Amino acid sequence: MLGLTGGIGSGKSTVAKLIAELGVPVLDADLLAREVVEPGRPALAEVAATWPEAIGPDGKVARKKLADIVFADPAQRLRLEAIMHPRIQALADERLAELARKGQPLAFYEASLLVESGRYKDFDGLVVVTASPETQLERVLARGGLSQAEAEARIEAQLPLLAKVRVATHLVDNDGDLEATKQQVERLLATLR
Ligand code: ADP
């Protein structure tokens, strides 16, 4: 099991999709994070108790609202992480055990904060997807939904990509076109297999 990370907009999801298309399972920490706050799960009650204003009229987490709160204040972000991380971890462990039972020898865990949290050390290796800061910002803005100031704040809130590159065991340079990235992913999987 390898970790897969990068900076926001560097192309983690894109690389995850390429890996999955080549038949290797990728667990997506964002999806797991959504799952642990689904109605009826204990993490939802904790989020609701801490930030009642981040719960929509349907009783579900208003994700944009919650993101606005926690990205504006590091202390709030730590509180949210303390609620979410143990649950995400437990769910990931369950999914991994399932894959192992099915005899799947290679799998990835995609998450944006693997290096920040130190969890990258728990994996057999770490793939870091890179792009220049200009490309990152350009792609985040092109994706829509965030203003330039919001996008810059989110990039700022993460460890610089270079710090992640330093602890990587494998790099995928996604500053070029998709075809170039795909070739690197194919080589990477061939090496790991
Ligand atoms: P991350 O998951 O790291 O935040 P994404 O994979 O979502 O980044 O990529 C950010 C945006 O840039 C997406 O809209 C994606 O389609 C686009 N993108 C990613 N890689 C490339 C590439 N090599 N060339 C052009 N656009 C790309």
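Counting convention: from 1, in listed order, for ligands and their atoms alike. In this chain, numbering begins with 1 at the start of the sequence shown. Keep in mind it's a predicted model, so treat the numbers as computed, not measured.
There is no path of hydrophobic side-chain contacts, each under 4.5 Å, that joins L126 to V172. Linking Ile, Leu, Val, Met, Phe, Trp and Tyr residues whenever their side-chain heavy atoms come within less than 4.5 Å places L192 and V129 in a single cluster.
Protein heavy atom at the shortest distance from atom 16 (O) of ligand 1 is T14 OG1, 4.3 Å. Of all protein heavy atoms, the one lying nearest to atom 2 (O) of ligand 1 is S13 OG, 2.6 Å. For atom 4 (O) of ligand 1, the closest non-hydrogen atom of the protein is G9 N, 2.8 Å. The closest protein non-hydrogen atom to atom 14 (O) of ligand 1 is R143 CD, 3.9 Å. The closest protein non-hydrogen atom to atom 20 (N) of ligand 1 is N174 ND2, 2.9 Å.
R79 and E46 are not joined by a salt bridge, as no carboxylate oxygen comes within less than 4.0 angstrom of a charged side-chain nitrogen. Under 4.0 Å is where a charged nitrogen must lie from a carboxylate oxygen, and between E150 and R154 no such pair does. Of the charged side-chain nitrogens involved, none lies within less than 4.0 Å of a carboxylate oxygen, so that D30 and R34 do not count as a salt-bridged pair. Remark: E35 engages R41 in a salt bridge, criterion side-chain N to carboxylate O under 4.0 Å.
Between atom 27 (C) of ligand 1 and the options K182, E179, R139, the minimum heavy-atom separation is to R139.
Contact between G176 and ligand 1 is present, with at least one heavy atom of the residue lying under 4.0 Å from the ligand. Within the structure, ligand 1 lacks G6 among the residues with a heavy atom less than 4.0 angstrom away. Residue A131 places every heavy atom at 4.0 Å or more from ligand 1.
Numbered from 1 in the order shown, with element, the atoms of ligand 1 that lie under 4.0 Å from a heavy atom of G7 read 3 (O). Residue contact check: G11 has heavy atoms under 4.0 Å from atoms 1 (P), 3 (O), 5 (P), 6 (O), 8 (O), 9 (O) of ligand 1. For ligand 1, the atoms lying closer than 4.0 Å to a non-hydrogen atom of S10 are 3 (O).
Open room surrounds NZ on K65; 12 or fewer heavy atoms of other groups in view lie less than 6.0 Å from it.
Here K12 has heavy atoms under 4.0 Å from ligand 1 in both its backbone and its side chain. Contacts between V15 and ligand 1, counted as non-hydrogen atom pairs separated by less than 4.0 Å, are absent for every part of the residue.
Taking each heavy atom of Q184 and L171 in turn, the nearest pair found is OE1-O, 4.2 Å.
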Q) Between E53 and I69, does a side-chain contact (heavy atoms from CB on, under 4.5 Å) hold up when you go through it step by step? A) CA-CA 10 Å; E53 68 276 31; I69 296 170; 3.8 Å; yes
